[in-house]
Structures are given as structure tokens and as C-alpha cells.
Peer 1: 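This is the structure I have questions about; it appears just below.
Positions are given from 1, in the same order as the sequence printed here. Worth saying up front: this structure is predicted, and the values here are computed from it rather than measured.
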Amino acid sequence: QKHLAEQQNKPTSVRRVRDTRKMAGCTTFMSRLCNPSRVPRGSDDEEGVQIENGPHEYQYDLIVIGGGSGGLAASKEAAKLGAKVACLDFVVPSPQGTTWGLGGTCVNVGCIPKKLMHQAGILGESFSDAKAFGWKVDAGKHDWEKMVTNIQDYIGSLNWGYRTGLREAKVDYLNAKASFKDAHTILCTKKNGQTSEITGNKIIIAVGGRPSYPGVEGDKECCITSDDIFSLPKSPGKTLCIGASYISLETAGFVTALGNDVTVMARSVFLRGFDGEMAEKIVSYMERHGTKMLRGASPTKFEKTADGKVKVTYKLTETDTVVEEVFDTVMLAVGRTACTKDLNVEAAGVVLNPKSGKLDALSEQTNVPHIFAIGDVLHQRQELTPVAIQAGVLLARRMFDGSKKKMDYTNVPTTVFTPLEYGTVGMTEEEAVAKYGEENVEVYVSYMKPLEWTLNKEEHNGVMHREDNVCYFKLISLLSENERVLGLHYLGPSAGEIIQGFGVAIKAGATKDHFDDTVGIHPVIAEEFTILSITKRSGSDANKKGC
């Protein structure tokens, strides 16, 4: 009653203005999540969705379902702008029993542990570089258990930091599974089965997704997914990664680099949606450097053996040949499924996309005007942490600060952390040609070998550990618009660091002349993008023959 009385005395749903503070010890990588006010203001659009604020009778101005990157950012930004906010988060254990703390996929079973394990692989591969530079080092044997312990300890500190951050922002955190009772009421179910209800004027769905299963016999009983690999208590040993996705290739890459026998099983195209030429170069590099690629194959059955291994039965699609092979670990990476099944969105009148189970939400607004969605749960949007964070912050500003600026989902840079990293922003070559026609698209290419690799002459199984001309650069421009750069693609070390900077230029509409007029830094890898001169159309050799 006291709350309702206070509500009636307020002219809008914005109750309190609060200051948020940065979480102590937050890394630069996570600073946006810790301090969402640093997110850029997004794209101007005067036709942005209008979000009405006014007096209401609900407990909260905003309920956010999901405590991942997007949900946390939206919760804290809304609270900073004066809204009374509740954030619900609950992790359903994987079929193997794995669970984790607040922070969502990226922090717990995605970007963070993946990048750290990728770094472990890079360090192992760098021992031969060190020897070439005069260091007397012994690579020794990798300690998987120590690596996992240290990574999980770090993740635990992040989980605690996020809880502290919500408390400091005065966001009510509920560790409970959410489902809709009606359009404004959320049923909250705790781990012990205890239930309660809360009501909100506006609701954001930010539940993300979980790994999919192929639906063949034994898949959930015998296989792990990315939910489990980063907390695996012992080295995976002989490993089969099923799937042609970036998750499958990234995992195969670092597991191989850490000294294991790894096979990737793919039914069809690798890295669907990425530039096809770049994908093939990644896979070819991985094959040459020890990862086996089993193309045109699909699993039909998984069985546990008496000694705890997994017997995999699979079929080769071209010949219908059935093959059996035993592995220590089988990891599935065949896609992800949105966590909408148990939300009971139908009770709120929200319509899901029938094919993907995701939400079609223009400007993050569903078909129910006061219910919104951000992050991986959105249909045909990038499943990327920074995208969810930025969309969440901009949405909160439209809700509670009168902003009309919306999330711009175009030209979003990203990186695939395979052994030869792949950084990209903008269109693929296929997309550019399909949209503008081959005659209107110019593709500049170049190969090179980083200076830091030049001293290492070591070979593994007849393949140079540091190959010549293995790094690859591609710039795609539109001839009819003064060679505006449509897409930028790079294979090589530090891909994320390189593409992040160029992403700003692409977002600003840079042309090939802008790249040419920029003086490169010598001798660094990114310099190559400022001196590209050979086009695919010319047929000239793009290999480097000197510094």
C-alpha cells in the first residue's frame, strides 16, 4: 500500500535517480558491462519506437529476464536513469550437470574462458618461436587441471563482481527461473521449487540461448557441449568436435594446440554466414597443423564403452558408408537454441518466430508494446556479447531517458579465435557480389608473414610451424561509390585487435582512398591494409616476397 501511494504521487514511472559505480577490478574487456554509460549513443532515427512512460500500479518499472551481458547492462542503465528494476537469472544445469553463476554465456561458458584457453594454445605454439630468439626453453607437458582451476577462479570473481554491481546500482537481483503469468506478471521459481510473483510495467527478455543437440541416440548421455568443456576436470584426450560452426573450430583449435588428437566432423559448409574463402583458408590451415577434418559426415548414434569412452557411429553422406570410432570426448557444436521454451510467452501474448523459436522484434520491441527483447534471443541478429550490451543500454535510454536512438546492427566487427584468427567487419565477398554485382565490386588481397615469425624454421610433420604467406588480407570496395569499403577480412595473429580499430573506419564510411592515404606503422601486420594494391580481378600474384 505504501508503494502504491508513492506511485500515485509520481508523474512518471521514473522514481529515483541513482549513480552507478564501476566494479572494482573490472577488466578493460568487460568495462562496458560494468559501466554501460560508456556505450556510444547509437544511430539517430527519428522514427524510433516510441515508449510511453506514466503512472502505473506495478511493483517494478522494469523487469529484466536474464542476467547475461545484455540483461545486466540494461538493468543497470535503467536503474541509473531512475527506474525501479528487478533482474532475474537462473541457470538450468546442462545434461552433464554443469552450471554457473551470474553473467551469462559470455562470462561463464563463452567468450572469456574460450579466449583464455585459446591463449593457452598460443603460448604452447610460441615455444618454438622463443627457441629461435635464443631462449633455452622446454615446452614440457600442459597441465589441463591447473588451467581450468585458474580460469574458473577468475570467472568466479567476475560472478561476484556482477552481483556486487547490481547491488550498488540498487537493482533487485532474483536467482529464480522466470515465466510469464500474464503480460505484466512474472512467476519466479527458485531452485528449491519455491515460487513467488512480481509485476512490472515494462519487461525485457534477455534469456539468450543454449547449445542444441542433434537428436540422435545417446547425444545427451554421452556428449558434452560448450556448456561443459571449460570446466572439464581432466584433459579431453582424443576428441571429436561435431559441427562446422565457429564454436566447433575454436574448440578444436585450442584442444589440438594443448596436445590432443582432435577431429572435426562437419556435415556441410564450414563457418556458414562468414566469407567462404576465409573459412576454407582457416580449415586448410588447421588441417596442415594437426586437426583432422571429417567432411560430409553425420553422427547416427553415441554409446558409452565399458572403459568410459564414447563410441560414435556416423554416416558418410556421399557413399552412405557407416563408420564406428571411439573417442575420449565428444563435443557437440551444432548450433544454439533460444531459451524461450519455458518462458510461457504465450500467456503475455508474445509471438515467437515459428522456425527459430526466437523473437521478431523491430527496435527490440515485440508484438506486445511493453515487452522487449535483446541479445541472442532476437531473430536474425548477431549473437555477440557487445551487440547485446549496446542494444540493452540504448533500449534503457529510450525507455527512461527520452532517447530516440536505436541499435545499429550493421557493420559489426567480430573475430573467430581459431589458431589462425579471423577478424571481419562488413560484408562478405559473396554478399557484396550478390547485392551489387561482380562488375561493381573490387576485391583487394594480399598475403604476408609477420616479422615475429620469420626466425622460426621449425617443422612439424613436414609443415613449417610458421608458414610463409599464410596470413591473408581482403578489402572489398564498391566501385560506384568512390570505392567505399564494404567489407574487411583478415586471417592472422591479433585479428580482434586489428579489426576493432578498422571497424571504426568502416562504420564511418571509409573509402579505399582513406586507407591508401593513411600512413602505415612499420613493421606491423595492420600496415598491410594501408598498402593493398593487387586485386583479384587483375590475376596478379598477391604473395609477399620481402619485408
Side-chain angles (χ1 to χ4, degrees), residues 40-45 246 271-282 381-382 384 386-387 390 407-416 420-448 450 469 471-544:
R41 290 286 172 175
S43 59
D44 283 306
D45 191 338
Y246 72 89
L271 294 177
R272 188 180 299 278
F274 289 91
D275 189 279
E277 181 184 29
M278 309 304 280
E280 278 304 314
K281 288 182 180 298
I282 290 170
R381 294 300 191 193
Q382 299 97 330
L384 298 169
V387 169
Q390 188 154 319
M407 176 65 188
D408 183 358
Y409 290 93
T410 61
N411 291 327
V412 174
T414 191
T415 294
V416 179
L420 195 64
E421 296 175 3
Y422 171 30
T424 173
V425 59
M427 288 184 167
T428 66
E429 185 175 347
E430 295 88 344
E431 289 169 341
V433 169
K435 183 170 182 177
Y436 297 108
E438 188 172 0
E439 69 280 5
N440 293 314
V441 173
E442 196 73 272
V443 181
Y444 295 84
V445 294
S446 180
Y447 294 90
M448 61 96 74
N469 288 306
C471 297
Y472 187 57
F473 302 75
K474 179 190 287 192
L475 184 151
I476 305 164
S477 68
L478 182 59
L479 292 171
S480 60
E481 293 186 17
N482 194 30
E483 289 209 80
R484 176 169 61 87
V485 179
L486 301 175
L488 209 65
H489 303 267
Y490 162 66
L491 287 180
S494 304
E497 308 298 337
I498 290 171
I499 290 297
Q500 181 68 80
F502 284 117
V504 177
I506 305 305
K507 197 77 170 177
T511 66
K512 179 64 165 61
D513 279 347
H514 288 125
F515 278 75
D516 293 343
D517 291 344
T518 300
V519 177
I521 300 170
H522 191 70
V524 302
I525 297 167
E527 177 187 17
E528 195 69 19
F529 277 119
T530 69
I531 57 174
L532 292 175
S533 60
I534 295 175
T535 66
K536 278 191 172 183
R537 202 188 309 269
S538 72
S540 299
D541 185 5
N543 285 292
K544 275 281 182 297

Peer 1: About how many Å separate CD of Glu431 and CZ of Phe274, when rounded to the nearest 0.5 Å?
Peer 2: 10.5 Å
Peer 1: Backbone N or O of Pro413 within a donor-acceptor pair of the Gln500 side chain at under 3.5 Å?
Peer 2: no
Peer 1: Regarding Glu481 and Tyr436, is there a side-chain donor-to-acceptor distance under 3.5 Å anywhere?
Peer 2: no
Peer 1: With side chain to side chain contact (heavy atoms under 4.5 Å, CB included) as the test, pick out the partner of Tyr472 among Leu420, Ile282, Val445.
Peer 2: Val445
Peer 1: Do side-chain atoms of Glu421 reach the backbone of Pro493 as a donor and acceptor pair under 3.5 angstrom?
Peer 2: no
Peer 1: Give me the atom names and distance for the closest heavy-atom approach of Ser477 to Tyr444.
Peer 2: OG-CE1, 3.8 Å
Peer 1: The test is side-chain contact (heavy atoms from CB on, under 4.5 Å); show your working for Lys536 and Glu429 and say whether it passes.
Peer 2: CA-CA 11 Å; Lys536 278 191 172 183; Glu429 185 175 347; 2.8 Å; yes
Peer 1: Any salt bridge linking Lys512 with Glu442? Criterion: basic side-chain nitrogen under 4.0 Å from a carboxylate oxygen.
Peer 2: no
Peer 1: Before giving the answer on side-chain contact (heavy atoms from CB on, under 4.5 Å), spell out for Thr424 and Ile499 the whole-Å C-alpha distance, their side-chain angles and the decisive distance to 0.1 Å.
Peer 2: CA-CA 6 Å; Thr424 173; Ile499 290 297; 5.8 Å; no
Peer 1: How long is the gap from CG on Leu488 to CD1 on Ile506, to the nearest 0.5 Å?
Peer 2: 5.0 Å
Peer 1: For Tyr447, is there any backbone N or O sitting under 3.5 Å from a side-chain donor or acceptor partner on Asn543?
Peer 2: no
Peer 1: Can you check whether Lys507's main-chain N or O pairs, donor with acceptor, with Asn411's side chain at less than 3.5 Å?
Peer 2: no
Peer 1: Do Met407 and Val387 have side-chain heavy atoms sitting under 4.5 Å apart?
Peer 2: yes
Peer 1: Out of Val416, Thr414, Thr415, which one pairs with Tyr246 under the side chain to side chain contact (heavy atoms under 4.5 Å, CB included) rule?
Peer 2: Val416
Peer 1: How about CD on Glu430, more than 12 heavy atoms from neighbouring residues, nucleotides or ligands closer than 6.0 Å, or not?
Peer 2: yes
Peer 1: Do any N or O atoms from the side chain of His489 and from the backbone of Met427 form a donor-acceptor pair under 3.5 angstrom?
Peer 2: yes
Peer 1: How many angstroms lie between CD1 in Ile534 and CZ in Arg537, if you round to the nearest 0.5 Å?
Peer 2: 15.0 Å
Peer 1: First locate atom CD1 of Ile531, then atom OG1 of Thr518, and finally report the distance between them rounded to the nearest 0.5 Å.
Peer 2: 12.5 Å
Peer 1: Can you tell if the side chain of Val519 reaches within under 4.5 Å of the side chain of Thr530, non-hydrogen atoms only?
Peer 2: no
Peer 1: List the atom of Leu475, the atom of Leu532, and the distance in Å for their closest heavy-atom pair.
Peer 2: CB-CD1, 3.7 Å
Peer 1: Ignoring hydrogens and angles, tell me if any N or O in the side chain of Asn482 forms a donor-acceptor pair with the backbone of Arg484 under 3.5 Å.
Peer 2: no
Peer 1: With a 4.5 Å limit on heavy-atom distance, are the side chains of Asp513 and Glu483 in contact?
Peer 2: no
Peer 1: Is the Phe515 ring parallel, tilted or perpendicular to the Phe502 ring (thresholds 30°, 60°)?
Peer 2: parallel
